[in-house]
There are 2 protein chains.
Amino acid sequence: MKVAELSKSLGTTADTVRYYTRLGLLKPAKSVNGYKSYSNKEVSRLKFILSARNLGFSVADIKQILNESEDGTSACPLVRSLIKERLEETEKQFQAMLALRGKMSSALSQWEEMEDKAPTANMVCHLIENFEQIKKA
Amino acid sequence: MKVAELSKSLGTTADTVRYYTRLGLLKPAKSVNGYKSYSNKEVSRLKFILSARNLGFSVADIKQILNESEDGTSACPLVRSLIKERLEETEKQFQAMLALRGKMSSALSQWEEMEDKAPTANMVCHLIENFEQIKKA
DNA sequence: ACTTGACCTGTGTCTTAGACACAGGTCTAA
DNA sequence: TTAGACCTGTGTCTAAGACACAGGTCAAGT
């Protein structure tokens with residue numbers, strides 16, 4: 001299997017496959033013409049990688065998991081501990097986005113009723129510079 | 001004002017100031033010793049930049065806004081249109097994070113009750129490979 | 001056999017918004 | 001004068017691929 005076949009068959013892009021290959025997560029054989037040739041084992045490996053990415057693991061995480069499992073060791077404890085970390089991060093980012101979203105939409109609606117002003121020496125845009133979030137009581 | 005003074009006075013880092021300077025958003029004078037020297041105008045410029053970043057504008061957005069306002073034009077219409085775009089993006093990302101968070105925490109709790117398994121030829125980690133989200137009815 | 005054109009390849013560079021490393025310069029106190 | 005603390009600009013690094021590009025491959029048509 002060549003890059004494009006593999007990527008299409010699993011619904012990803014050739015660039016992604018190449019990226020994982022560059023990182024050493026996939027180890028295709030070289031075919032006669034110099035093209036990379038992926039075996040069935042690589043296919044299931046990629047399938048695993050995509051599932052893990054989909055669950056929020058980083059590529060570095062996945063590298064670690066694959067390494068562990070190549071020793072014959074069960075990667076399950078590692079997997080559980082990693083997802084705990086990632087979930088915490090995601091939670092933090094989620095809260096940050098929540099706050100940002102609120103701020104932005106409050107700004108947007110506030111600004112729709114405000115007039116345009118030309119910039120001055122110490123004011124670029126009064127919308128931004130004078131924006132203050134209305135605190136909910 | 002030198003880099004460190006400026007950054008501290010506005011609660012950011014020297015690297016951030018240097019970054020904006022590199023991009024041309026701040027234009028310090030050179031002082032005798034070769035250090036960058038920031039005027040009061042730069043201070044309010046930086047203040048503006050930080051406020052805008054805080055509201056979710058990208059650095060590229062800010063560059064655009066600053067350019068517009070340097071012509072004497074009011075940047076307000078641009079600002080409104082940009083934040084609309086950013087808000088939409090944020091909304092998308094927010095929904096994505098929401099879904100991801102759900103998936104992850106569902107995986108985590110599912111996995112806590114599952115046993116470890118050693119890897120096989122076509123299975124790296126059964127937790128990940130067999131994970132299926134339980135659909136809420 | 002030759003050519004055209006479609007598709008494919010590997011490699012190198014680009015992206016965000018700064019963080020970090022580092023060799024060296026500046027400045028203050030002793 | 002010299003030590004030490006602090007500061008500087010510049011260059012490199014990050015994540016996860018996307019994109020550009022010069023060139024190779026291959027089947028169909030001539």
Side-chain angles (χ1 to χ4, degrees), chain A residues 1-38 42 45-46 48-66 82 85-86 89-90 92-93 96-97 100, chain B residues 1-38 42 45-46 48-66 82 85-86 89-90 92-93 96-97 100:
Chain A
M1 266 194 150
K2 320 190 236 183
V3 171
E5 288 171 299
L6 174 57
S7 59
K8 254 169 234 163
S9 83
L10 294 187
T12 185
T13 71
D15 279 319
T16 297
V17 170
R18 280 197 272 259
Y19 177 57
Y20 296 155
T21 304
R22 261 193 266 210
L23 293 186
L25 302 188
L26 299 174
K27 290 155 197 157
K30 292 264 176 191
S31 61
V32 236
N33 50 22
Y35 288 6
K36 284 157 188 159
S37 169
Y38 296 86
E42 307 300 320
R45 235 173 132 81
L46 179 55
F48 170 76
I49 297 173
L50 295 173
S51 305
R53 288 287 298 128
N54 196 17
L55 272 165
F57 291 96
S58 74
V59 174
D61 290 341
I62 295 170
K63 197 169 196 171
Q64 219 180 129
I65 295 168
L66 286 171
L82 283 173
E85 285 179 51
R86 296 304 153 253
E89 290 172 11
T90 301
K92 258 181 215 157
Q93 292 174 34
M97 299 227 64
L100 180 60
Chain B
M1 265 193 153
K2 320 190 237 184
V3 171
E5 287 171 299
L6 174 57
S7 58
K8 254 169 234 160
S9 84
L10 294 187
T12 185
T13 70
D15 280 319
T16 297
V17 171
R18 278 196 274 259
Y19 177 58
Y20 296 154
T21 304
R22 262 193 266 212
L23 292 186
L25 302 187
L26 299 174
K27 290 154 196 158
K30 292 264 175 192
S31 61
V32 236
N33 50 21
Y35 289 5
K36 284 156 188 158
S37 169
Y38 295 87
E42 307 299 321
R45 235 173 132 81
L46 179 55
F48 169 76
I49 297 173
L50 295 173
S51 304
R53 287 288 299 126
N54 195 17
L55 272 166
F57 291 96
S58 74
V59 174
D61 290 342
I62 296 170
K63 197 170 196 172
Q64 220 181 129
I65 295 167
L66 287 170
L82 284 173
E85 285 179 52
R86 296 302 154 254
E89 291 172 9
T90 302
K92 258 181 215 157
Q93 292 174 33
M97 298 227 66
L100 180 60

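Below, chains carry the letters A, B, ... as their sequence lines are ordered, and counting in each starts from 1.
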To the nearest angstrom, the CG-P distance between B:Leu46 and C:dG18 comes to 11 Å
- Under 4.0 Å between a side-chain N or O of A:Asn33 and OP1 or OP2 of D:dC26? yes
| message | Check the phosphate of D:dG24 against A:Lys2, side-chain N and O only, distance under 4.0 Å to OP1 or OP2. Yes or no? | response | no
>> Any N or O donor-acceptor pair under 3.5 Å from the base of D:dG11 to the side chain of B:Arg22?
In response: yes
Compare side-chain N and O positions of A:Lys63 against OP1 and OP2 of D:dA15 and report whether any pair is under 4.0 Å apart.
-> no
To the nearest 0.5 Å, atom CD1 of B:Ile49 lies from atom CD of B:Glu42 at 8.5 Å
Walking DNA chain D from its 5' end, the first of A:Val32 and A:Thr13 to be reached, judged by nearest nucleotide, is A:Thr13
From CG of B:Asp15 across to C1' of D:dG9 the rounded distance in Å is 11 Å
Between OH of A:Tyr38 and P of C:dC8 the distance, given in whole Å, is 14 Å
Here the distance between atom P of D:dA18 and atom CG of A:Leu23, to the nearest Å, is 13 Å
Between A:Phe57 and A:Gly34, the residue closer to the 5' end of DNA chain D by nearest nucleotide is A:Phe57
Separation of D:dG9 atom C1' from B:Tyr19 atom OH, nearest Å, is 17 Å
### Message
Less than 4.0 angstrom between a side-chain N/O of B:Thr16 and OP1 or OP2 of C:dA17, yes or no?
### Response
no
Bend of the helix from C:dA1-D:dT30 to C:dA30-D:dT1 from end-axis comparison, five pairs per end, nearest 10°, comes to 40°
Strictly below 4.0 Å: does B:Arg18 bring a side-chain N or O up to OP1 or OP2 of D:dT10?
no
To the nearest 0.5 Å, atom CZ of B:Arg53 lies from atom CG of B:Leu46 at 12.0 Å
Rounded to whole Å, the CD-C1' distance (A:Glu5 to D:dT25) equals 13 Å
Is the backbone N or O of B:Ser51 less than 3.5 Å from a side-chain atom of B:Asn54, with the two atoms forming a donor-acceptor pair by type?
no
* B:Tyr35 side-chain N/O to D:dC7 phosphate OP1/OP2 under 4.0 Å -> no
Those residues at least two apart in sequence (or on a different chain) that pass salt bridge (Lys or Arg N to Asp or Glu O under 4.0 Å) with B:Lys63 are none
A:Met1 atom CE is separated from C:dT9 atom P, nearest whole Å, by 12 Å
